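What follows is one structure encoded as structure tokens, with my remarks underneath.
No experiment lies behind these values; they were computed from the predicted model shown. Lettering of chains follows the sequences in order, A, B, ..., and the numbering in each one begins at 1.
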Amino acid sequence: MDRYEQVIELAKRRGFLWKSFEIYGGTAGFYDYGPLGSTLKRRIEQIWREIYVIHEGYMEIEAPTIGIEEVFVASGHVGGFSDPLCECKCCEEAFRADHLVDDIVTCADGLHIKELDRVIAENGVKCPECGGELGKTYEFNLMFKTNIGPGSGRQGYMRPETAQGMFVDFMRLARFYRDKLPFGATQIGKSYRNEISPRQGVIRLREFTQAEAEIFIDPSNKEHPNFQRFAATSVNLYSDEAQDTGVMESMTLSEAVRRGTIAHEFLAYQIGLTDYFLKRIGIASDKLRFRQHKKDEMAHYAIDCWDAEIETARFGWVEVVGIADRTDYDLKAHASISNTELSIYREYTEPRIVRSFVVKPDMSKLGPLFKGKAKDVAEALKLMRQEELEKDRITIIIDGEEAEVPKEAVDFTEETVKISGENIIPHVIEPSYGIDRIFYSTMEHAFEEEKWRTEEEVDEDARIVMRFKNEVAPVQVAVLPLLTRDELIRPSRDIKASIKRKGLLVAYDDSGTIGRRYRRNDEIGTPYSVTIDYDTVENNTVTIRDRDSMKQIRVPVDNIADLLYGLIYGDSEFESAGEAL
RNA sequence: GCGCCGAUGGUCUAGUGGCUAUGACUGGGGCCUUCCAAGCCCUAAACCCGGGUUCGAAUCCCGGUUGGCGCACCA
């Protein structure tokens, strides 16, 4: 049984993760989060919110999970989020149709399926495996399709990423942030991809949770005002060049920016934030690295892109966060498809007085002379410089033919114009988190099978402990009467109630021996167990047991809830919080 | 989507054509018990789904679902 199996088995048994639709046999690519799983996931998301929404100030929005066709035409998902597949009629092997004709035509990936079929037929392309005849090419789009409204209603798609919701709302967001860059929006929610063959459990899902931030910045200023916060932070960088040699480097973020390894400060700051977040929820720092996309792997519009990768026992390095500079690609695409200007007006500190050379073609003369080509002639004239227009003969080239334009058909002048600002299209910095993979990694890195042997014992003793960080542990406190006796159960119930009032998630358990109950709580990662014994009845004190060290302290019952709250969310030290036992 | 291998209580598992389907752990109830899976009693709980072969199928055959591995895919 490898580590993955151990973690998944525990997750299943203890109510973290369940296969969806299990009583009907289940379906690949879907998982339910059980009671403890939902709680853990929500605590992870809540820390993400604290960082991105509260601290960074990128407010959360909520857009529909179903999108209309235009949105995904603009985003490129309708055309590009699919692959043309082509199967051999003989051996039934499936191939990428565009790859089959790569050598025959120059831009194979731009061809439609019909054109691909034509190229395959005309060139007699056969199955590369067995030489058999190839079947018709079909498009396999990874988006789930649905219909909006009854009958032949509008085509809709389940969103394959939450990002588009933020781009589509750009104008409203810009207004909300009073037209000042930089600003950002975030979204935590479900996305959908109809994976061809999902495997690897929760690592590859058809319905999954993303947490994404789209940060709109001034393209001419990619510094980050708060960069100092992470300047000295060391991270494991696996850059494009490093991947060729296979050697990862540990480097401070300021060093990485200075050397040009990371394109700019703003991106480096985001890497710093991601590093901070992942470590805070319990990812082991030696199993975390940032890998730069190779030039050929990066989306064509991105300038630089880094993936946070976490090392797992079975799947090796798994991509959990993508941090990209998407430039102005998305805003331009939506602007063009929607016919809406998506830009920010940036006023100059001082209005600029610009002298500009203006060409004024006289259409009443050009029209009769050039007829249908008059417009092209005028456009060509507008591009000419003063010296060219002052020559005795003005010649232009239209449709490969030289033509002469009479001097009286074109006028030009120098004008003085006052420009007080300009419209700019912001660049987008996008950190995109795959919450389900992070959830699993948190489980795996928290999992520990602890074995030890005391001097007298021959057999090994063992316990399974989920060493969750206090902040993410689903159950925060266990309240355990030492014995099943009324005089201990009664004060236990009062203590449970007082801890609940503080907002902590508390589990009460009085079944079986105390040792068994400690083990049960170790297995779900409860950080602290409060035990009520006969001393409690006598002097109103209880013991608190620390999950990781199994050490105990004795503290008064009176402010037990505040004390536990401080241990979980504050800086309190366990050992100094009470009298050691 | 293809190939190979698997699927038995909550978990792990025995069972290769024939008794009421094996065992352990876990869970629940109780007894006992003053701090790390102790003991005793009681108890709940399973043959992935659908067809077929057979007097009889958890077992053999076919199809499906699902899991693992390999191939393919992974904007």
Side-chain angles (χ1 to χ4, degrees), chain A residues 1-2 4-6 8-15 18-30 34 72 75-88 91-96 99 109 128-130 135 138 140-143 160-161 163 193-201 203-206 297-302 314 319 322 324 326 329 450 452 454 459 461-465 480-485 487-488 509 511-523 529-538 542-547 549-552 554 581:
Chain A
M1 205 164 32
D2 71 0
Y4 171 81
E5 270 177 286
Q6 285 182 300
I8 288 298
E9 192 267 323
L10 182 143
K12 196 194 291 179
R13 205 158 34 80
R14 291 302 193 184
W18 296 322
K19 221 162 66 151
S20 295
F21 323 120
E22 203 175 3
I23 62 166
Y24 291 107
T27 297
F30 296 95
F72 301 115
S75 71
H77 287 97
V78 167
F81 199 52
S82 64
D83 296 312
L85 292 183
C86 176
E87 282 172 34
C88 171
C91 67
E92 293 182 321
E93 192 78 27
F95 303 96
R96 284 280 297 271
H99 290 176
D109 52 351
E129 284 295 315
C130 71
Y138 59 94
F140 187 82
N141 192 289
L142 264 31
M143 284 193 293
E161 58 175 17
R193 297 179 189 184
N194 200 4
E195 300 288 351
I196 296 172
S197 173
R199 300 255 180 96
Q200 311 173 320
I203 299 297
R204 196 169 187 73
L205 294 172
R206 288 186 165 125
E297 140 188 37
M298 197 152 46
H300 61 277
Y301 50 83
R314 180 179 284 193
E319 171 197 346
R326 299 177 67 130
Y329 177 85
E450 195 179 65
W452 68 91
T454 52
D459 291 331
D461 218 345
R463 63 167 186 157
I464 289 174
V465 205
L480 315 169
L482 185 59
L483 302 170
T484 329
R485 297 269 172 82
E487 57 271 36
L488 300 184
D509 189 352
S511 74
T513 62
I514 190 69
R516 183 185 296 269
R517 284 176 279 160
Y518 285 150
R519 293 300 167 86
R520 257 204 292 259
N521 278 291
D522 287 343
E523 218 178 41
S529 297
V530 174
T531 307
I532 291 85
D533 57 17
Y534 279 102
D535 288 357
T536 312
V537 182
E538 297 218 336
V542 290
T543 63
I544 303 178
R545 170 195 183 260
D546 175 61
R547 176 197 66 208
S549 63
M550 298 198 281
K551 285 185 179 157
Q552 287 184 297
R554 185 163 276 279
L581 291 181

- [ ] Mind checking salt bridge (charged side-chain N to carboxylate O under 4.0 Å, His left out) for A:Glu195 and listing every partner two or more places apart, or none if nothing turns up?
- [x] A:Arg204

TODO: Indicate the atoms forming the closest heavy-atom contact of A:Arg517 with A:Leu480, along with that distance.
DONE: NH1-CB, 3.8 Å

Open item on the list: Just to verify, what does A:Arg520 make a salt bridge (charged side-chain N to carboxylate O under 4.0 Å, His left out) with, not counting sequence neighbours?
Closed with: A:Asp509

Open item on the list: Please give the distance between the C1' atoms of B:A72 and B:U20 as a whole number of Å.
Closed with: 50 Å

TODO: For A:Glu523, enumerate each residue passing the salt bridge (charged side-chain N to carboxylate O under 4.0 Å, His left out) test, keeping only those at least two apart in sequence or located in another chain.
DONE: A:Arg13, A:Arg14

N/O-N/O pairs, protein side and nucleotides 27-30 of chain B side, under 3.5 Å:
from, atom 1, to, atom 2, distance (Å)
B:G27, OP1, A:Arg520, NH1, 2.1
B:G27, OP2, A:Arg516, NH1, 3.2

Open item on the list: The criterion is side-chain hydrogen bond (donor to acceptor under 3.5 Å, both in side chains); which residues satisfy it with A:Asp535, sequence neighbours excluded?
Closed with: none

Task: Partner nucleotide, any strand, of B:G3 [Watson-Crick/G-U, under 3.5 Å] - done: B:C69

- [ ] Determine the interatomic distance between P on B:C48 and the same-named atom on B:U43; round to the nearest Å.
- [x] 27 Å

Task: Under 3.5 Å: donor-acceptor pair, side chain of A:Arg206, backbone of A:Ala28 - done: yes

Task: Nearest-Å distance once atom C1' is located in both B:U59 and B:C47 - done: 10 Å

Open item on the list: Under a 3.5 Å cut-off for both contacts, is B:C31 paired Watson-Crick or G-U wobble with anything, and if yes, with which nucleotide?
Closed with: B:G39

Task: Whole angstrom value for the distance that separates C1' of B:U33 from CG of A:Asp533 - done: 14 Å

- [ ] Quote, to the nearest angstrom, the P distance that separates B:G67 from B:U11.
- [x] 15 Å

TODO: Look at A:Thr513 and B:A38 and indicate whether a side-chain polar atom (N or O) is within less than 4.0 Å of OP1 or OP2.
DONE: yes

- [ ] Mark yes or no for a side-chain to base donor-acceptor pair under 3.5 Å between A:Arg204 and B:C74, with no hydrogen or angle criteria applied.
- [x] yes

Task: Atom P, compared across B:A21 and B:G27: separation rounded to whole Å - done: 26 Å

Open item on the list: Which nucleotide wins on minimum distance to the side chain of A:Arg314, given the candidates B:C36, B:C69, B:U66?
Closed with: B:C69

Task: Partner residues of A:Arg547 under the side-chain hydrogen bond (donor to acceptor under 3.5 Å, both in side chains) criterion, sequence neighbours left out - done: none

Extract from the structure each pairing of a protein N or O with an N or O of nucleotides 45-50 of chain B at less than 3.5 Å, listing the distance.
none

Open item on the list: Going by side-chain contact (heavy atoms from CB on, under 4.5 Å), name the residues that satisfy it together with A:Thr513, two or more places apart in sequence or in a different chain.
Closed with: A:Arg516

Open item on the list: Considering every strand and a 4.0 Å limit on heavy-atom distances, what is the contact class for A:Arg547: base, sugar-phosphate, or nothing?
Closed with: nothing

- [ ] Compare the minimum distances between each of B:C69, B:A37, B:C35 and the side chain of A:Ile514, then state the nucleotide with the smallest one.
- [x] B:C35

Task: B:U53: pairing nucleotide in any strand, Watson-Crick or G-U under 3.5 angstrom - done: none

TODO: Using atom CZ of A:Phe30 as one end and atom C1' of B:U65 as the other, report the distance to the nearest whole Å.
DONE: 14 Å

- [ ] Please name the pair of heavy atoms, one in A:Phe30 and one in A:Leu205, separated by the smallest distance, quoted to 0.1 Å.
- [x] N-CD2, 4.2 Å

Open item on the list: I'd like to check the side-chain hydrogen bond (donor to acceptor under 3.5 Å, both in side chains) partners of A:Gln200; sequence neighbours left out, ordered by chain and number.
Closed with: none

Open item on the list: Nearest whole Å is fine: how far is B:U33 C1' from A:Glu487 CD?
Closed with: 13 Å

Under-3.5 Å N/O pairs linking protein and nucleotides 9-12 of chain B:
from, atom 1, to, atom 2, distance (Å)
B:U11, O2', A:Glu9, OE2, 2.8

Task: Length of the CD-P vector between A:Gln552 and B:U34, whole Å - done: 16 Å

Task: Atom-pair distance (CG on A:Leu480; C1' on B:A37), nearest Å - done: 14 Å

TODO: Answer yes or no: side-chain N or O of A:Glu195 and base N or O of B:C74 forming a donor-acceptor pair under 3.5 Å.
DONE: no

Open item on the list: Rounded to whole Å, please give me the gap between OH in A:Tyr4 and C1' in B:C69.
Closed with: 13 Å

- [ ] Kindly write out the residues that satisfy salt bridge (charged side-chain N to carboxylate O under 4.0 Å, His left out) with A:Glu5, not counting sequence neighbours, or none if the list is empty.
- [x] A:Arg314

Open item on the list: If you assign each of A:Gln200 and A:Tyr518 to its closest nucleotide in RNA chain B, which residue comes earlier from the 5' end?
Closed with: A:Tyr518

Open item on the list: With rounding to the closest Å, how many angstrom separate the C1' atoms on B:G15 and B:A24?
Closed with: 16 Å

Open item on the list: Say we look at B:C42 and B:G23: how far apart would their P atoms be, to the nearest angstrom?
Closed with: 14 Å

Open item on the list: Regarding A:Ser75, tell me which of base, sugar-phosphate or nothing describes its non-hydrogen contacts under 4.0 Å with the strands shown.
Closed with: nothing

Task: Non-neighbouring partners of A:Glu161 that pass side-chain hydrogen bond (donor to acceptor under 3.5 Å, both in side chains), sequence neighbours left out - done: A:Gln164

Task: Distance in angstrom units between A:Ile544 CD1 and B:C35 P, rounded - done: 19 Å

Open item on the list: Ignoring hydrogens and geometry beyond distance, is the side chain of A:Arg545 in donor-acceptor contact with the base of B:C36 at under 3.5 Å?
Closed with: yes

Open item on the list: Both A:Ala28 and A:Tyr534 contact RNA chain B. Taking the nearest nucleotide for each, which residue is further toward the 5' end?
Closed with: A:Tyr534

- [ ] Classify the nucleic acid contact of A:Gly76 as base, sugar-phosphate or nothing, counting any heavy atom under 4.0 Å across all strands shown.
- [x] nothing

TODO: Give the nucleotide from the list B:U33, B:C36, B:U66 with an atom nearest to the side chain of A:Arg519.
DONE: B:C36

Task: side chain to side chain contact (heavy atoms under 4.5 Å, CB included) assessment of A:Asp533 paired with A:Arg554 - done: CA-CA 11 Å; A:Asp533 57 17; A:Arg554 185 163 276 279; 2.6 Å; yes

Task: Between C1' of B:G68 and CD1 of A:Ile8, the distance in whole Å - done: 13 Å

Task: Minimum-distance pair of heavy atoms, taken over all atoms of A:Gly34 and A:Trp18 - done: CA-CZ3, 3.8 Å

